[in-house]
There are 2 protein chains.
Amino acid sequence: MSLKLDKIDRKILEILQSDGRITNAQLSKEIGLSPAPTLERVKKLEQSGIIKSYHAKLDTAKINLGVSTFVQVTLRGHNKENIEEFLKEINTIEEVIECHHITGSGDFILKIMAKDIASYQKLMLEKVSDIKVVDSLQSLVILSTFKDSKVLPIPN
Amino acid sequence: MSLKLDKIDRKILEILQSDGRITNAQLSKEIGLSPAPTLERVKKLEQSGIIKSYHAKLDTAKINLGVSTFVQVTLRGHNKENIEEFLKEINTIEEVIECHHITGSGDFILKIMAKDIASYQKLMLEKVSDIKVVDSLQSLVILSTFKDSKVLPIPN
DNA sequence: TATTTTTGCCAAATAATCTTCCGAAACACT
DNA sequence: AGTGTTTCGGAAGATTATTTGGCAAAAATA
């Protein structure tokens with residue numbers, strides 16, 4: 001299973017990142033190959049795990065998700081047990097879209113989405129603050145998003 | 001153009017978020033409708049802008065993107081000109097994956113991805129710090145990501 | 001309540017696409 | 001040059017997408 005990406009592979013990845021539902025026929029045209037080898041390359045990229053999955057991106061405003069925030073979380077101690085306890089709880093909250101372990105002042109940073117301020121407050125009070133190992137929370141409310149690219153730059 | 005989502009629409013959105021390349025035939029089975037009305041609903045969701053786009057999600061480690069960070073940015077003054085100047089510059093940097101205007105201590109928060117610490121440092125020094133209206137930067141390096149859901153909870 | 005209109009659904013037919021197979025060409029390494 | 005490996009392209013069958021027409025239930029109108 002080749003983990004070496006040539007120019008064509010990178011082009012495929014770039015195109016599939018920006019249009020995940022392109023047909024194989026059209027993709028093959030854009031990269032200048034016939035459909036068969038194009039599909040073979042895509043399949044290899046999928047099987048090797050380089051392409052993990054495909055997703056539809058929704059308009060958050062139109063589905064009534066008006067409030068997005070980043071939340072910096074500090075735990076009551078940084079031992080393994082506390083971290084695992086925290087992650088276990090966090091994974092059950094579907095409004096928590098992302099959870100990253102970070103360096104710096106806090107221990108974790110979360111991205112959270114909710115319908116409005118009221119439901120956000122309720123969510124934080126009843127679910128997040130409620131986690132025993134959580135010490136402090138600092139919320140950064142997103143006023144507007146200017147860039148949310150789904151196309152990562154591929155080095156090499 | 002109906003902006004009202006019934007139970008079936010929400011199910012469709014949920015499925016397409018977690019599997020953006022599902023076939024219409026299979027989608028129709030999972031929601032219990034025949035292919036024709038299923039496709040009609042998906043098309044409506046696309047045309048109304050509720051579904052904005054489809055994207056492949058890549059394995060960042062496997063494409064050599066080893067360093068991800070959140071960067072809190074403070075501008076040299078919060079007037080419209082400075083903000084627009086900042087956004088113009090930011091949009092030209094492909095390593096900046098996200099850019100959000102936020103409340104709180106900083107003015108903006110960025111998500112940045114790079115190959116390694118060296119290229120990250122170079123990027124920050126040569127491109128980000130270099131923007132005239134940028135006052136201060138605080139980087140939070142992501143040690144590991146425990147959740148990165150592409151499925152948003154849909155209220156109502 | 002009766003009629004019209006609208007909406008949403010299904011089934012079937014056609015067009016487009018995917019997928020596989022195999023031979024040919026390009027490439028790398030002796 | 002020769003051998004082995006990889007990559008490509010074309011053709012065929014299988015799958016899927018898309019369109020069409022028509023039916024039935026719900027909503028609107030009178």
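This is a predicted model, so every value here is computed, not measured. Quick note on labels: first sequence line is chain A, next is B, and so on, each numbered from 1.
- Taking atom CD of B/E40 as the reference point, atom P of C/dT7 lies 11 Å away to the nearest angstrom.
- Checked against the 6.0 Å centroid criterion, the rings of A/Y54 and B/Y54 do not qualify as a close aromatic pair.
- D/dA27 atom P lies 14 Å from atom NZ of B/K4, rounded to whole Å.
- Of the side-chain N and O atoms in B/K29, none sit less than 4.0 angstrom from OP1 or OP2 of D/dT16.
- Under the side chain to side chain contact (heavy atoms under 4.5 Å, CB included) criterion, B/L13 pairs with A/L58, A/I63, B/L5, B/L45, B/I50, B/I51, B/I154, sequence neighbours left out.
- Remark: C1' of D/dT6 and CG of A/D9 are 13 Å apart, rounded to the nearest angstrom.
- Following rounding to the nearest Å, B/I31 (CD1) and C/dC10 (C1') show an atom-to-atom distance of 13 Å.
- Residue pairs meeting the side-chain hydrogen bond (donor to acceptor under 3.5 Å, both in side chains) criterion with at least one partner in residues 81-100 of chain B, sequence neighbours excluded, are A/T145-B/H100, B/E98-B/H100.
- The side chain of B/P37 approaches C/dC10 more closely than any other nucleotide in the set D/dG9, C/dC10, D/dC8.
- Side chains of B/H78 and B/D107: a donor-acceptor N/O pair is present below 3.5 angstrom, by distance only.
- To the nearest angstrom, P of D/dT6 lies 17 Å from CD1 of A/I8.
- The CG-P distance, from A/L5 to D/dT7, rounds to 12 Å in whole Å.
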Stepwise salt bridge (Lys or Arg N to Asp or Glu O under 4.0 Å) check, A/D19 with A/R21: CA-CA 6 Å; A/D19 181 4; A/R21 279 202 98 158; over 6 Å; no
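- Contact check, B/R41 against C/dC9: a side-chain N or O comes under 4.0 Å of OP1 or OP2.
- Using a 4.5 Å cut-off between side-chain heavy atoms of Ile, Leu, Val, Met, Phe, Trp and Tyr, with links allowed through other members, B/V151 and B/I31 fall into different hydrophobic clusters.
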Sub-3.5 Å pairs of nitrogen or oxygen atoms, protein against nucleotides 13-21 of chain C:
residue	atom	partner	partner atom	Å
C/dC18	OP1	A/N24	N	2.6
C/dC18	OP2	A/N24	N	3.3
C/dC18	OP2	A/A25	N	3.0
C/dT19	OP2	A/K43	NZ	3.2

